[in-house]
Protein chains: 2
Amino acid sequence: MADEPIATIDRNSYEPAYAQLVRILRGQIAAGVFRPGDRLPSEAQLCERYDVSPMTVRRVVNILTDQGVVIAEQGRGTFVKPLELGTATFDLDRLQQLFREGQSTVKLLKAHITSATERTARKLAIKVGDRTVFIRRLIFQGEKPMLLHREHVIYDPTRPLIEAEMEVTALRGLFSGGGGSDLKRGDLTIDATVLIEEEAALLHSEVGVPALRLEHIFYDFDDQPVSWGWFICSGDRLRFTATIGFPD
Amino acid sequence: MADEPIATIDRNSYEPAYAQLVRILRGQIAAGVFRPGDRLPSEAQLCERYDVSPMTVRRVVNILTDQGVVIAEQGRGTFVKPLELGTATFDLDRLQQLFREGQSTVKLLKAHITSATERTARKLAIKVGDRTVFIRRLIFQGEKPMLLHREHVIYDPTRPLIEAEMEVTALRGLFSGGGGSDLKRGDLTIDATVLIEEEAALLHSEVGVPALRLEHIFYDFDDQPVSWGWFICSGDRLRFTATIGFPD
DNA sequence: TAGTGGTCTAGACCACTTA
DNA sequence: AAGTGGTCTAGACCACTAG
């Protein structure tokens with residue numbers, strides 16, 4: 001009984017016991033008390049040390065497992081996971097921030113009904129020549145043009161999709177969750193491209209500059225594609241970042 | 001009491017009750033039984049319908065919340081979340097697959113001790129002129145060169161880092177979790193670039209072709225950078241993909 | 001006040017690993 | 001056989017929301 005862990009659970013805190021214990025254990029891992037590959041104390045030991053019930057400890061271990069911090073092996077123990085480059089996940093936080101109130105303005109460049117080309121028809125699972133609405137928008141951060149957005153939406157005369165989609169709020173809704181409530185899922189891909197003349201002019205950049213392209217296809221609850229489009233941003237203005245491991 | 005849900009929990013299944021209920025509810029959401037914005041049945045109702053205890057239902061709701069499928073509001077209910085573009089996460093699965101056994105071969109192009117330039121020194125938090133090891137590797141899938149890797153590792157004469165890092169297994173370890181057990185965390189960024197002459201030659205591509213660049217810095221448990229490097233792959237050979245919503 | 005989700009208990013039984 | 005994690009029960013009390 002040399003050095004008990006100093007940290008204890010504060011039952012009077014607004015932070016729930018399970019959250020406190022998650023924080024304590026993550027901190028110990030980040031501090032190197034438990035190194036990758038080490039075995040954590042058994043669940044029974046954790047119950048005793050921190051004076052919580054088995055269910056609470058189980059919940060803590062589940063959370064750490066979901067977070068990718070540890071791996072639990074039945075009959076052996078719970079172990080700290082080593083770094084795995086492959087577990088990194090990139091999110092669109094930076095992009096989402098652009099669409100928060102006051103952070104950005106959206107300018108509608110063009111929107112008109114057109115006929116689907118072979119490529120558009122394939123992406124939207126419609127026939128060549130079917131009517132679609134082609135929309136182009138430019139998203140500014142302050143005075144700076146940050147993003148160029150192109151989108152093909154299936155033209156449905158029974159619903160006033162056109163006006164709703166053209167609105168600035170429709171774009172914001174996609175990012176903050178207000179608008180697209182008829183959509184079941186979306187597929188996204190990131191790839192690299194270079195700015196062509198039109199894009200360079202709109203983004204106040206230059207032809208041939210490396211740029212990221214975020215393509216999206218959204219589907220409704222009948223698994224029918226509804227829209228296909230993509231954002232383009234010059235590479236020096238926006239990046240995707242991720243952290244793996246224990247950034248505490 | 002018109003139409004009870006047909007799906008029930010099979011207590012004899014190897015699939016735990018909580019997992020079955022998660023699957024059932026996700027399926028109902030994907031099928032449009034519950035639409036974005038709808039309220040799910042209350043926890044008490046779910047207990048009754050599926051004949052499980054409150055704790056099991058709570059666990060299910062927690063899982064669905066963690067998955068971003070629903071949002072629980074105290075005192076009001078649990079609601080199906082609408083699509084949010086900003087919640088999309090891109091992972092490196094495709095990249096990781098390359099490094100699985102038999103999927104790829106790694107060719108060491110060059111590895112030598114050098115002195116840190118201003119840029120390298122800044123990235124690795126060392127002084128200009130300090131010794132580093134510069135490594136270049138080429139990763140093949142079958143006969144095709146897929147990835148070019150450049151990396152600067154801090155030279156530590158007390159440890160045989162050089163040999164270990166140069167090994168093919170070191171790279172594979174980064175992706176599958178065997179090797180980097182002295183590393184605390186890593187920061188990653190994705191950006192766009194175009195191939196320069198040397199890169200194009202090695203990757204059997206052409207100058208100016210758009211390419212993705214995955215940069216990484218790894219830190220040890222003293223928060224000291226250990227290595228800085230990046231992968232380059234031509235954009236038509238590798239993409240990052242994500243799906244949001246209910247892809248069931 | 002009634003209903004909702006949020007947390008937590010103090011066990012139980014099981015499957016698995018290791019010795 | 002002993003120890004580990006995996007699941008589950010049948011409640012309890014609390015905080016919050018709504019009518």
Side-chain angles (χ1 to χ4, degrees), chain A residues 7-26 28-29 34 36-82, chain B residues 7-26 28-29 34 36-82:
Chain A
T8 58
I9 307 291
D10 175 11
R11 310 314 289 239
N12 298 324
S13 168
Y14 284 104
E15 191 183 18
Y18 78 91
Q20 292 184 50
L21 188 47
V22 165
R23 189 169 40 76
I24 289 170
L25 292 179
R26 277 190 68 102
Q28 290 179 345
I29 292 171
F34 303 114
D38 288 356
R39 219 200 69 182
L40 289 188
S42 77
E43 304 194 350
Q45 288 172 324
L46 290 174
C47 290
E48 202 181 319
R49 285 197 200 171
Y50 295 99
D51 194 26
V52 289
S53 79
M55 268 305 287
T56 301
V57 166
R58 295 261 51 242
R59 184 170 180 184
V60 168
V61 173
N62 278 335
I63 289 171
L64 291 176
T65 303
D66 289 345
Q67 291 179 347
V69 173
V70 304
I71 182 167
E73 296 182 29
Q74 200 172 35
R76 302 213 321 126
T78 303
F79 301 86
V80 179
K81 247 187 166 179
Chain B
T8 58
I9 307 290
D10 175 11
R11 312 313 289 237
N12 297 324
S13 168
Y14 284 103
E15 191 182 17
Y18 78 91
Q20 292 183 51
L21 188 46
V22 165
R23 189 170 42 75
I24 289 170
L25 292 178
R26 278 190 68 102
Q28 290 179 345
I29 292 171
F34 303 115
D38 289 355
R39 219 201 68 183
L40 288 187
S42 78
E43 304 194 350
Q45 288 172 324
L46 290 174
C47 289
E48 202 180 320
R49 286 197 199 171
Y50 295 98
D51 193 27
V52 290
S53 80
M55 267 306 285
T56 301
V57 167
R58 294 262 49 244
R59 185 171 180 183
V60 168
V61 173
N62 278 334
I63 289 171
L64 291 176
T65 302
D66 289 344
Q67 291 179 347
V69 173
V70 303
I71 181 167
E73 296 183 28
Q74 199 172 37
R76 303 213 320 125
T78 303
F79 301 87
V80 179
K81 249 187 165 179

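Chain A is the first sequence line, chain B the second, and so forth, proteins listed ahead of strands; every chain is numbered from 1. Since the structure is predicted, the reported quantities are computational estimates derived from the model, not experimental observations.
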Student: NA contact type, A:V52, heavy-atom cut-off 4.0 Å: base, sugar-phosphate, or nothing?
Tutor: sugar-phosphate
Student: Side chain of B:T78, heavy atoms from C-beta onward: which of C:dC8, C:dG5, D:dG5 has the nearest atom to it?
Tutor: C:dG5
Student: Picking from C:dT9, C:dG5, C:dG11, which would you name as closest to the side chain of A:P54?
Tutor: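 Of the options given, the side chain of A:P54 lies nearest C:dG11.
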Student: To the nearest angstrom, how far is A:Y14 atom OH from D:dC14 atom P?
Tutor: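 From A:Y14 OH to D:dC14 P: 14 Å.
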Student: With the side chain of B:T56 defined as its heavy atoms from C-beta on, choose the nearest nucleotide among D:dC8, C:dC8, D:dT4.
Tutor: D:dC8
Student: Got more than 12 heavy atoms from elsewhere within 6.0 Å of CG, B:D51?
Tutor: no
Student: Within the 4.5 Å heavy-atom criterion, are B:L21 and B:T56 side-chain neighbours or not?
Tutor: no
Student: Working to the nearest 0.5 Å, report the span between CZ of B:F79 and CD1 of B:I71.
Tutor: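 Answer rounded to 0.5 Å: 9.5 Å.
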Student: In this structure, how many angstroms lie between the C1' atom of C:dA10 and the OH atom of A:Y50, rounded?
Tutor: 21 Å
Student: Rounded to the nearest angstrom, tell me the gap between atom CG in A:N62 and atom P in D:dG6.
Tutor: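 So the two atoms are 7 Å apart, to the nearest Å.
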Student: Between atom CD in B:E43 and atom P in D:dC8, what is the gap in whole Å?
Tutor: 16 Å
Student: Please tell me if the side chains of A:R58 and A:L46 come closer than 4.5 Å, counting only heavy atoms from C-beta onward.
Tutor: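 Not in contact.
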Student: Of the nucleotides C:dG5, D:dT9, D:dC8, which has the atom closest to the B:A17 side chain?
Tutor: D:dC8
Student: To the side chain of B:Y18, which of D:dC8, D:dG5, D:dA10 is closest?
Tutor: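 Comparing D:dC8, D:dG5, D:dA10 against the side chain of B:Y18, the answer is D:dC8.
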Student: Checking contacts here: which listed nucleotide (D:dA10, C:dA10, C:dG5) is nearest the side-chain heavy atoms of B:S53?
Tutor: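 For the B:S53 side chain, the nearest candidate turns out to be D:dA10.
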Student: Searching all strands shown, indicate the nucleotide that pairs with D:dG19 (Watson-Crick or G-U wobble; both distances under 3.5 Å).
Tutor: none
Student: In whole angstrom, give the distance that lies between atom CZ of B:R11 and atom P of C:dC14.
Tutor: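 Distance check: B:R11 CZ to C:dC14 P gives 14 Å.
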Student: Return the 5'-most residue of the pair B:L40, B:M55 with respect to DNA chain C, ranking by each residue's nearest nucleotide.
Tutor: B:L40
Student: Take atom CD1 of B:I71 and atom P of C:dT4, then tell me their distance rounded to the nearest Å.
Tutor: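 Between P of C:dT4 and CD1 of B:I71: 18 Å.
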Student: Using a cut-off of 4.0 Å on non-hydrogen atoms, how would the nucleic acid contact of A:R59 be classed: base, sugar-phosphate, or nothing?
Tutor: sugar-phosphate
Student: To check you understand the geometry: which heavy-atom pair defines the closest contact between B:T8 and B:Q20, and what is its length?
Tutor: O-OE1, 4.1 Å
Student: Could you state the CZ-C1' distance from A:F79 to C:dT18, rounded to the nearest angstrom?
Tutor: 11 Å
Student: Which residue lies toward the 5' end of DNA chain C, A:P16 or B:Q74, if each is placed at its nearest nucleotide?
Tutor: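 Its nearest nucleotide lies further toward 5', so the answer is B:Q74.
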Student: A:R39 CZ to C:dT18 C1': how many Å, rounded?
Tutor: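 It works out to 12 Å between those atoms.
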Student: Just to confirm, is there a sub-4.0 Å distance from OP1 or OP2 of D:dG11 to any side-chain nitrogen or oxygen of B:R58?
Tutor: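 B:R58 to D:dG11 OP1/OP2: no side-chain N or O under 4.0 Å.
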Student: Where do B:R49 and B:P41 come nearest, in terms of heavy atoms and distance?
Tutor: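 That closest heavy-atom pairing would be NH1-CG, 3.9 Å.
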Student: Is there a side-chain polar atom (N or O) of B:R76 under 4.0 Å from OP1 or OP2 of D:dA15?
Tutor: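 Indeed not, no polar side-chain atom of B:R76 lies that close.
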